[in-house]
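This report concerns only the one structure given below.
Positions are given from 1, in the same order as the sequence printed here.
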Amino acid sequence: MKKKILIISGGISKEREISLETGKQVARELKKNGYLVKNCEPDNNLINSVKSFKPKIIFNALHGQFGEDGYIQSILENLKISYTHSGVIASAKAMNKEISKKIFIKNKILTPKYIKYSFDKSKVELNNLIKKKLNFPVVIKPINEGSSVNVFICKKNEIHKKLEKLKSYKEVLLEEFIPGREIQAAILGEKKLGAIELKPQRKFYDYEAKYNVKAKTKHIIPIKLNKKKYKELMKITLKAHNLLGCRGVSRSDFKFYKNKFYLLELNTQPGMTKLSLVPEISAYNGINFINLIKIILKDASTNK
Ligand SMILES: Nc1ncnc2c1ncn2[C@@H]1O[C@H](COP(=O)(O)OP(=O)(O)O)[C@@H](O)[C@H]1O
Ligand SMILES: [Mg+2]
């Protein structure tokens with residue numbers, strides 16, 4: 001009998017379109033390889049879809065809020081069906097950039113200096129806080145978002161204007177801007193998978209640079225690092241994956257400056273279209289798209 005896989009994609013996050021594309025491409029590849037596949041949304045019909053289709057495994061192809069932050073994972077736990085990628089706690093820790101940075105700092109993983117800012121503070125309070133802790137330029141970013149949505153690099157005179165755009169979040173992070181190279185590294189099935197360097201042609205690796213081929217971001221693989229530095233990068237990546245308690249696949253985003261790796265964040269639901277970074281790193285290391293998906297399925301929780 002064909003193995004049944006239910007793919008959940010779409011959702012309500014700002015990364016909905018990317019998730020739908022991941023869901024579509026993973027479904028196509030699984031069908032080509034003899035699986036019985038159904039796609040669904042994480043909406044009110046989810047529980048009915050699970051009960052009627054009776055999948056062996058649920059493939060979580062969601063990104064961002066409600067899909068990458070522990071919420072959907074807790075529903076899946078409750079349904080007692082095995083699901084791919086990280087579980088409730090790891091997802092929640094990784095999605096929250098403040099919590100994950102605290103864990104990195106506590107465990108001696110370098111991450112850019114930061115402050116948390118809540119919009120009930122005055123401009124003067126903010127200016128004093130920045131003066132005390134950070135140097136300009138600073139990067140402002142939401143605590144629970146992805147795909148560079150609402151991430152801005154600001155000079156001193158721009159900060160208040162840019163912060164206006166993030167008001168709906170109530171709280172945001174302000175980080176010291178780290179110049180240098182943009183490097184991402186992945187873990188697959190508890191093993192070090194590999195790394196890639198991105199050379200955006202824009203101001204930074206923003207949404208357009210990530211998803212619009214016309215933005216012409218260069219992907220450099222194999223990555224140009226000496227053996228010792230590459231080993232160090234992969235060691236930090238595995239350490240971060242394990243510290244947060246991740247499962248299956250994860251991708252960590254770094255800046256590399258003055259010979260040091262700064263971990264920006266760890267993604268528990270990295271993009272999985274054929275053009276995404278994890279499939280690219282995976283293919284370079286000899287694991288094609290279907291085998292990558294199979295390893296992720298093999299690592300699904302045994303949530304029975
Ligand atoms: N502290 C920083 N210094 C320099 N660039 C940064 C910094 N923080 C974020 N960026 C840029 O913004 C991009 C997105 O930031 P990141 O923290 O990875 O959030 P997201 O979850 O949106 O991907 C990074 O890939 C990088 O190009
Ligand atoms: Mg990122």
When you look at I58 and T84, which way does the side-chain contact (heavy atoms from CB on, under 4.5 Å) test go after all the steps? CA-CA 6 Å; I58 292 177; T84 63; over 6 Å; no
For E232 and K229, run salt bridge (Lys or Arg N to Asp or Glu O under 4.0 Å): C-alpha distance rounded to whole Å, both residues' side-chain angles, the deciding distance at 0.1 Å, then the answer. CA-CA 5 Å; E232 183 188 329; K229 276 288 155 191; 2.8 Å; yes
Show, in sequence, the C-alpha distance, side-chain angles and deciding distance for K218 and Q201, and conclude whether the side-chain contact (heavy atoms from CB on, under 4.5 Å) test is met. CA-CA 8 Å; K218 286 191 186 123; Q201 307 301 302; 4.0 Å; yes
Working for side chain to side chain donor-acceptor pair (under 3.5 Å), residues H241 and S250: CA-CA 7 Å; H241 177 101; S250 77; 2.8 Å; yes
Intermediate values then yes/no, side-chain contact (heavy atoms from CB on, under 4.5 Å), I89 and L244: CA-CA 8 Å; I89 309 285; L244 299 185; over 6 Å; no
The test is side-chain contact (heavy atoms from CB on, under 4.5 Å); show your working for K31 and V26 and say whether it passes. CA-CA 9 Å; K31 281 179 197 161; V26 171; over 6 Å; no
Starting from the C-alpha separation in whole Å, work towards a yes-or-no answer on salt bridge (Lys or Arg N to Asp or Glu O under 4.0 Å) for E197 and K224. CA-CA 8 Å; E197 177 169 355; K224 291 189 183 80; over 6 Å; no
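Put simply, the side chain of R247 reaches to within 4.5 Å of the side chain of S301, judged on heavy atoms. Between V139 and Y114 the shortest side-chain heavy-atom distance does not fall below 4.5 Å. Put simply, the side chain of I290 does not reach to within 4.5 Å of the side chain of K32, judged on heavy atoms. Side chains of K93 and I103 form a contact here, defined as non-hydrogen atoms less than 4.5 Å apart. Side-chain atoms of Q184 and F254, non-hydrogen and from C-beta on, never get closer than 4.5 Å to each other. By the 4.5 Å heavy-atom criterion applied to side chains, N128 and E125 are not counted as neighbours. Using a 4.5 Å heavy-atom threshold, the side chains of F59 and H85 count as touching. Contact annotation: the side chain of Y35 never approaches that of K2 to less than 4.5 Å [non-hydrogen atoms, C-beta and beyond].
Listed by chain and number, the residues in a side chain to side chain contact (heavy atoms under 4.5 Å, CB included) with S282 are L193, I287, L292 (sequence neighbours excluded). Taking the salt bridge (charged side-chain N to carboxylate O under 4.0 Å, His left out) definition, one finds that E280 meets it with nothing, sequence neighbours left out.
Of the N and O atoms on the side chains of Y169 and N150, at least one donor lies less than 3.5 Å from an acceptor on the other residue. Side-chain N/O atoms of T273 and S276 include a donor and acceptor closer than 3.5 Å. No donor-acceptor contact under 3.5 angstrom links the side chains of Q65 and D69, judged on distance only. For the residue pair K192 and T237, no side-chain donor N or O sits within less than 3.5 Å of a side-chain acceptor on the partner. Of the N and O atoms on the side chains of Q25 and E21, at least one donor lies less than 3.5 Å from an acceptor on the other residue.
Note on I281 and F289: same hydrophobic cluster, where clusters join Ile, Leu, Val, Met, Phe, Trp and Tyr whose side-chain heavy atoms are under 4.5 Å apart, directly or indirectly. Under the 4.5 Å side-chain contact rule for hydrophobic residues, I295 and L277 share a cluster. Cluster membership check: Y71 shares its hydrophobic cluster with L76, using side-chain heavy-atom separations under 4.5 Å among Ile, Leu, Val, Met, Phe, Trp and Tyr.
In this structure, K235 places its NZ atom where only 12 or fewer heavy-atom neighbours from other residues, nucleotides or ligands lie under 6.0 Å away.
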Counting only pairs under 3.5 Å, give me each side-chain donor-acceptor contact of residues 153-166, with atom names and distances, residues two or more places apart or in other chains.
{"unit_1": "E158", "atom_1": "OE1", "unit_2": "K155", "atom_2": "N", "d": "2.7"}
{"unit_1": "H160", "atom_1": "NE2", "unit_2": "N127", "atom_2": "OD1", "d": "3.0"}
{"unit_1": "E164", "atom_1": "OE2", "unit_2": "K167", "atom_2": "NZ", "d": "3.3"}

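The shortest non-hydrogen separation linking A195 to L233 is CB-CD2, 3.6 Å. Taking both residues in full, the closest heavy atoms of T268 and C246 are given as CG2-SG, 3.9 Å, listed atom of the first, atom of the second, then distance. Of all the heavy atoms in V88 and Y83, the pair that sits closest is N-OH, 3.9 Å. When all heavy atoms are compared, the tightest approach of S147 to E15 is OG-OE2, 2.6 Å. Counting all heavy atoms, side chain and backbone alike, S86 lies closest to S91 at O-OG, 3.4 Å. Considering every non-hydrogen atom in both Y230 and G194, the closest pair reads OH-CA, 3.3 Å.
Under a 3.5 Å cut-off, the side chain of K97 and the backbone N or O of I143 do not form any donor-acceptor pair. Judged by distance alone, the side chain of N267 and the main-chain N or O of Q269 form no donor-acceptor pair under 3.5 Å.
A salt bridge between E208 and R202 is absent, with no side-chain N of the basic residue lying under 4.0 Å from a carboxylate O of the acidic one. Using a 4.0 Å cut-off between charged side-chain N and carboxylate O, K141 and E175 make a salt bridge. Using a 4.0 Å cut-off between charged side-chain N and carboxylate O, K102 and E98 make a salt bridge.
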